[in-house]
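Structure record follows, encoded as structure tokens.
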Amino acid sequence: MMYFHLIALAVISKSKRIAYHRSFQEMSDLREAHSQLINEQKSSGYSIHILQTESESWESVVALDPYFTDIIVFDSCPDFVNEINNESELSAVDIAGYIQNKFSIKNKVSIQKLTYLIFTKFLKDTQQKLFPEPIEAWQMGPVVSEVYRKNKYGILPKDSLINKLMVNEDSEKVMHTINSIMHEYQEMSSVELIKLTHREGTPWKTLYDGTPHKEIPADLILEYHSTHPDELI
């Protein structure tokens, strides 16, 4: 007896791949499950594969095609999709590491300011936060403390953003935002970038009073842009 295998495969990183796997005897059942996966695929990045073996087991898939070796397999589609979503959530450190490595930005203050500009443009364009870490009002302007901590010791990641974007539904929007900001601002010095965020009326200028780790709320950034639609910050 032959079995159809329906496999949804997501590449999380160079060392981690996950899959959702089901096996069927009837073609009609395969078609129905395949349609459901295609609908889910619109919001979660993965590829879909169909194979046929003489067993319903995952081991028979691996025996047929070694490409499927060393994959973490889920038998629940919701659990599989949740794992993709968890792995694809972007962090400020991902953005900062990409800026540093892709565009050869070495100045620590510049990395902070460019990360803030990218966050701000994405928020302005989509009404969504690009990453969950709070942006704080420090003396030198908007800062993400986790980026500061990691960058202080030179351990910003090199490839984490690209790995996550492979399974992130907003990958095109994210890359468009990054490239737009870098095209406009990457040649500015750290001093010039600081002056931008220190202008009268900006969220940093409104909030900064020397209080440690005082957060700049996303709502305040959006409010500023409602009255300054042509400004990024």
Side-chain angles (χ1 to χ4, degrees), residues 7-21 37-49 67-68 70-74 76-106 108 110-136 142-183 185-186 218 221:
I7 304 164
L9 176 65
V11 179
I12 303 300
S13 68
K14 292 180 180 178
S15 60
K16 182 177 181 180
R17 296 184 296 161
I18 64 174
Y20 165 62
H21 169 243
L37 271 185
I38 290 176
N39 290 334
E40 286 282 356
Q41 193 179 28
K42 295 176 182 178
S43 60
S44 301
Y46 54 76
S47 58
I48 298 175
H49 308 261
Y67 173 74
F68 294 100
D70 296 329
I71 291 176
I72 301 171
V73 181
F74 291 79
S76 163
C77 189
D79 289 347
F80 169 70
V81 172
N82 286 338
E83 181 70 9
I84 291 175
N85 292 337
N86 291 338
E87 293 283 356
S88 66
E89 182 179 56
L90 305 183
S91 72
V93 171
D94 297 326
I95 302 298
Y98 183 79
I99 291 170
Q100 183 185 68
N101 289 283
K102 174 67 174 180
F103 297 95
S104 300
I105 306 295
K106 304 304 180 185
K108 292 177 172 57
S110 294
I111 289 173
Q112 286 282 359
K113 300 302 162 278
L114 291 167
T115 299
Y116 173 67
L117 288 172
I118 290 166
F119 174 90
T120 299
K121 179 171 173 54
F122 190 85
L123 180 67
K124 175 185 174 183
D125 291 347
T126 69
Q127 309 297 302
Q128 298 176 356
K129 292 183 178 181
L130 179 57
F131 47 77
E133 296 93 331
I135 294 174
E136 301 170 354
V143 169
V144 179
S145 59
E146 184 65 8
V147 172
Y148 173 83
R149 186 181 69 82
K150 288 188 176 294
N151 200 16
K152 182 179 180 180
Y153 299 103
I155 53 174
L156 289 175
K158 183 178 180 180
D159 300 319
S160 63
L161 178 67
I162 297 302
N163 290 334
K164 290 181 178 181
L165 288 181
M166 292 175 66
V167 289
N168 187 292
E169 62 178 338
D170 292 323
S171 58
E172 291 185 5
K173 295 177 184 177
V174 172
M175 289 308 301
H176 172 74
T177 301
I178 292 173
N179 290 332
S180 295
I181 291 297
M182 297 307 295
H183 176 75
Y185 293 101
Q186 74 177 104
I221 297 173

According to side chain to side chain donor-acceptor pair (under 3.5 Å), who are the partners of H176, at least two apart in sequence or on a separate chain?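 Once residues adjacent in sequence are excluded, H176 has no partner under the side chain to side chain donor-acceptor pair (under 3.5 Å) criterion.
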
Under the side chain to side chain donor-acceptor pair (under 3.5 Å) test, residues paired with Q100 that sit two or more places apart: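 Counting only residues at least two positions away or on another chain, Q100 forms a side chain to side chain donor-acceptor pair (under 3.5 Å) with N151.
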
Can you list the residues that meet the salt bridge (Lys or Arg N to Asp or Glu O under 4.0 Å) rule with E87, with sequence neighbours excluded?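 Salt bridge (Lys or Arg N to Asp or Glu O under 4.0 Å) check on E87 returns K16.
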
Of all the heavy-atom pairs spanning [X] and [Y], show the shortest one and how long it is.
{"X": "Q128", "Y": "F122", "result": "O-CD2, 3.4 Å"}
{"X": "F131", "Y": "L90", "result": "CB-O, 3.5 Å"}
{"X": "N168", "Y": "S88", "result": "ND2-O, 2.9 Å"}

Which pairs pass salt bridge (Lys or Arg N to Asp or Glu O under 4.0 Å) with one or both residues in residues 119-135, sequence neighbours excluded?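 Residue pairs with at least one partner in residues 119-135: K121-D125.
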
Give the table of side-chain donor-acceptor pairs shorter than 3.5 Å for residues 159-166, with sequence neighbours excluded, one pair per line with atom names and distance.
unit_1 : atom_1 : unit_2 : atom_2 : d
S160   : OG     : D94    : OD1    : 2.5
N163   : ND2    : D159   : O      : 3.3
K164   : NZ     : E89    : O      : 3.1
K164   : NZ     : D94    : OD2    : 2.7

Over 60° means perpendicular and under 30° means parallel, so classify the ring planes of Y67 and H49, tilted if in between.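 Aromatic pair H49/Y67 classed tilted.
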
Please determine whether side chain to side chain contact (heavy atoms under 4.5 Å, CB included) holds for the pair I84 and F74, giving the CA-CA distance in whole Å, both sets of side-chain angles, and the decisive distance to 0.1 Å. CA-CA 11 Å; I84 291 175; F74 291 79; over 6 Å; no

Taking G97's backbone N and O only, do any of them form a donor-acceptor pair with K158's side chain (distance below 3.5 Å, no angle check)?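 Checking the backbone N and O of G97 against the side chain of K158, no donor-acceptor pair under 3.5 Å is found.
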
Can you sort out the partners of K150 under side-chain contact (heavy atoms from CB on, under 4.5 Å), two or more places apart, ordered by chain and number?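 Expected list: V93, E146, I155, L156.
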
